[in-house]
Trainee: 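Take a look at this one; I'll ask things after.
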Amino acid sequence: MSLRLQSFKEYQEAQRTAKNDPDGFWDGIASQFQWIKPHHQTRSGSLQGGDLKWFVGGRLNITVNALDRHAIERGNQSAIIWEPNDPNHLGQTLSYKELYERVCDMGAALRASGVQKGDRVILYMPMTPELAVSVLACARIGAIHSVVFAGFSAQALADRIQDAGATVVITANEGRRGLKIVPLKSTVDEALEHCPTVQLVIVQRVTDSSCAMQVTRDVWFSEFLNRGTGLPCPAEPMDAEDPLFILYTSGSTGKPKGVVHTHGGYMVYTAYSFANVFQYERGDVYWCTADIGWITGHSYIIYGPLLNGATTMMFEGIPTYPGPDRFWAICAKHKVNQFYTAPTAIRALMCHGEAPVQAHDLSTLKVLGTVGEPINEEAWHWYHDIVGQQKCPIVDTWWQTETGGIMLSGLGSLSPQKPAHAGLPLPGIDPVLLNPDGTELQGDDVEGLLCISAPWPSIIRTTYGDHERCLNTYFRPYPGYYFTGDGARRDADGLIRVIGRVDDVINVSGHRFGTAEIESAINEASIAVESAVVGFDHPIKGQAIHAFVISESALDEAQKQVAIGDVLEAVEKGIGKIAKPARVQFVQGLPKTRSGKIMRRILRKIASGEFDQFGDTSTLLDPSVVDSIKIDAQTTWFTAP
Ligand code: 7RM
């Protein structure tokens, strides 16, 4: 299989082919995989209709392509290298043959327990090999996996289990992150009080601590595997368009939505983009530091690398444990060749200076990548100069849960690079910038709404259980385009820089939260009558959350302290610690238009310390509200430690 382009010229040629003959282009890539039955139509539907299907009529199973092929051809090669939280604990390396066998054992056990094609399985797990095995085992038997990041609260977990109508949950007794222990099973137990559909809970024993087990419902992972012992686990034949997974992500309105990806298109695009962006060569060791609870982990820890027969690393811990050199120690220990992380991690590690980097031999690094949020120039240069010793290209990869794979990025060292610019689209990807009225901005040196004007195989198919919502969010705002929700700039050379969200989504440390979602969590606090949250620039997290909260009654200083605690607790309960506001400010009222819409633009200005020039405020119902918020903001707000 040769998916990898090897020169800029080849990239340009691929780009041309993809424009002139998109079906031929994608067929050529798809033909390099193993299909049970080839498709009879490359693509049906349109961006206009939001009803795209890819490789229509094709049948396959993604795990045959990610595992079986490699187990046969290079069974002893390392598939997954697992680095534990504690560097003194024993790690694990699973060869393709071992990974294949473990996935089959788990798949057979799930089947033996009655799990069938199309059933939804929730994974709420730490970063262990068992998580990767569980993801792949679901895919193998055609069950739809939905990984929920293990930092989400019981409430958030329950919301997702209910929305998916899941029947099985796979979890661990506890997770380990640095010196912290994260209770997982007890959180699952709490969530399941409101989830009657769940019949089976499989629990990996990660720590020695005990946890409550309900005999009729809960089973230890290791014992569960016995149910499949000796049974074969043939891959379930899947239609190219059968769902592979649901991954929940936040939008500007309402509850998180379940983004659905499919076996065929997702396979083709994650494999192709991985091979090209990271310029992976046989034998390389590739490491993406994301958590599998996010799309980056799905596409570029598990599927993309394994589809390419790569060696992919999984890290259980955090960047700063036991010291701020952990990332670099791991790179040196495993001779990592491609390293992929988030700007927030780079900025956090920058604070510790160059010494932790210089303490390790990073000479094996060939490509450095970033993802999740815009990278600022300072962090880009530090990454490039200090970590990469000016020898490694930086691939600034822009993409979304909904796009399934990387859309804009350099391809290793093939492409021109410019600090803080994602750069050019991958072959077959057609980004455009629109004016708010929907007209395309022509030429270079322009800024507008980032949309995609041609379909690609791993585009979101639907939002689970609510296709209208999918259409309204991505396909109807600008008919004929996929709307990303991001603003971007195309420079004089045609290189794209993604600036950030243009909707009510806040990106904290590369994690997406909707303002509505956070506000509804805050409003659960009995002290809160109403609230509005906005993002403000934060030196490490990229953005942090400023919450404006109307309290039930006026508060003195002491009461305020208690009330702040209540607000933070409400967010922790509703979503999780990761969504906690950095600031809570109690206000008398919120700036609203006559029609009752909160003017977030004004709150964003105040949160960023700009106290005048609010632009057009003529639609404000009560302008005096703004003055009182301003005065408060200059004197009192709570800032989290
Ligand atoms: C992969 C991922 C998507 C949102 C997206 C952007 C922002 C991601 C970059 C970026 C600037 C980048 N999926 N974003 N990558 N902004 N440069 N390289 O993060 O669904 O969780 O988030 O993240 O706003 O719309 S995601």
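By convention here, the first residue in the shown sequence is residue 1. Ligands are counted one by one from 1 in listed order, and the atoms in each one are counted from 1 as well. Everything numeric in this text was worked out from a predicted model, so none of it was measured.
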Trainee: Can you confirm whether or not the ring centre of Tyr124 sits under 6.0 Å from the ring centre of Phe152?
Mentor: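 Distance test on ring centres: not under 6.0 Å, no.
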
Trainee: Quick one: do the Asp159 and Gln155 side chains pair a donor with an acceptor below 3.5 Å?
Mentor: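 Their side chains do contain a donor-acceptor pair, which is all the 3.5 Å distance test asks for.
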
Trainee: Using modelled atom types only, decide if a donor and an acceptor are shared between the side chain of His298 and the backbone of Phe245 within a distance under 3.5 Å.
Mentor: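 Between the backbone of Phe245 and the side chain of His298 there is no qualifying donor-acceptor contact (under 3.5 Å).
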
Trainee: When you compare ligand 1 with Thr296, is there at least one nitrogen or oxygen pair between them that comes in under 3.5 angstrom?
Mentor: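 There is no such contact.
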
Trainee: Could you tell me whether ligand 1 has any atom less than 4.0 Å away from a heavy atom of Ala422?
Mentor: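 The answer is no, since Ala422 has no heavy atom less than 4.0 Å from ligand 1.
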
Trainee: Would you call the rings of Phe315 and Phe327 parallel, tilted or perpendicular if under 30° counts as parallel and over 60° as perpendicular?
Mentor: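 Perpendicular.
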
Trainee: Taking the non-hydrogen atoms of Trp294, is any one of them nearer than 4.0 angstrom to ligand 1?
Mentor: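 Trp294: no contact with ligand 1 (<4.0 Å).
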
Trainee: Hey, would you say the Phe548 and His546 ring centroids sit under 6.0 Å apart?
Mentor: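 Ring-ring flag for Phe548/His546: true, centres closer than 6.0 Å.
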
Trainee: Which ligand 1 atoms are under 4.0 Å away from a heavy-atom of Ile295?
Mentor: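 That gives atoms 1 (C), 13 (N) of ligand 1.
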
Trainee: Do any N/O atoms on Arg512 end up under 3.5 angstrom from N/O atoms on ligand 1?
Mentor: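 Checking ligand 1 against Arg512, an N or O pair does fall under 3.5 Å apart.
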
Trainee: Using a 3.5 Å cut-off on N or O atoms only, is Val498 in polar contact with ligand 1?
Mentor: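 Such a contact does not occur with ligand 1.
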
Trainee: Which ligand 1 atoms does Asn507 reach within 4.0 Å, using its non-hydrogen atoms?
Mentor: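 Those qualifying, in numeric order: 7 (C), 23 (O).
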
Trainee: As a check for students: among Leu450, Asp486, Ile406, identify the option with a heavy atom nearest to atom 6 (C) of ligand 1.
Mentor: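 Answer by nearest heavy atom: Asp486.
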
Trainee: Give the numbers and elements of all ligand 1 atoms closer than 4.0 Å to a heavy atom of Val371.
Mentor: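 Per the distance check, 1 (C).
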
Trainee: Between ligand 1 and Arg501, is the shortest N or O to N or O distance under 3.5 Å?
Mentor: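 Yes; at least one N/O pair falls below 3.5 Å.
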
Trainee: Can you tell me how the ring of Tyr482 sits relative to the ring of Tyr474, calling it parallel under 30°, perpendicular over 60° and tilted otherwise?
Mentor: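 It falls in the parallel class, under 30°.
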
Trainee: For Phe274 and Tyr300, take the angle between the two ring planes, folded into 0 to 90°, and tell me which bin it lands in: parallel under 30, tilted 30 to 60, perpendicular over 60.
Mentor: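 Rings of Phe274 and Tyr300: parallel, under 30°.
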
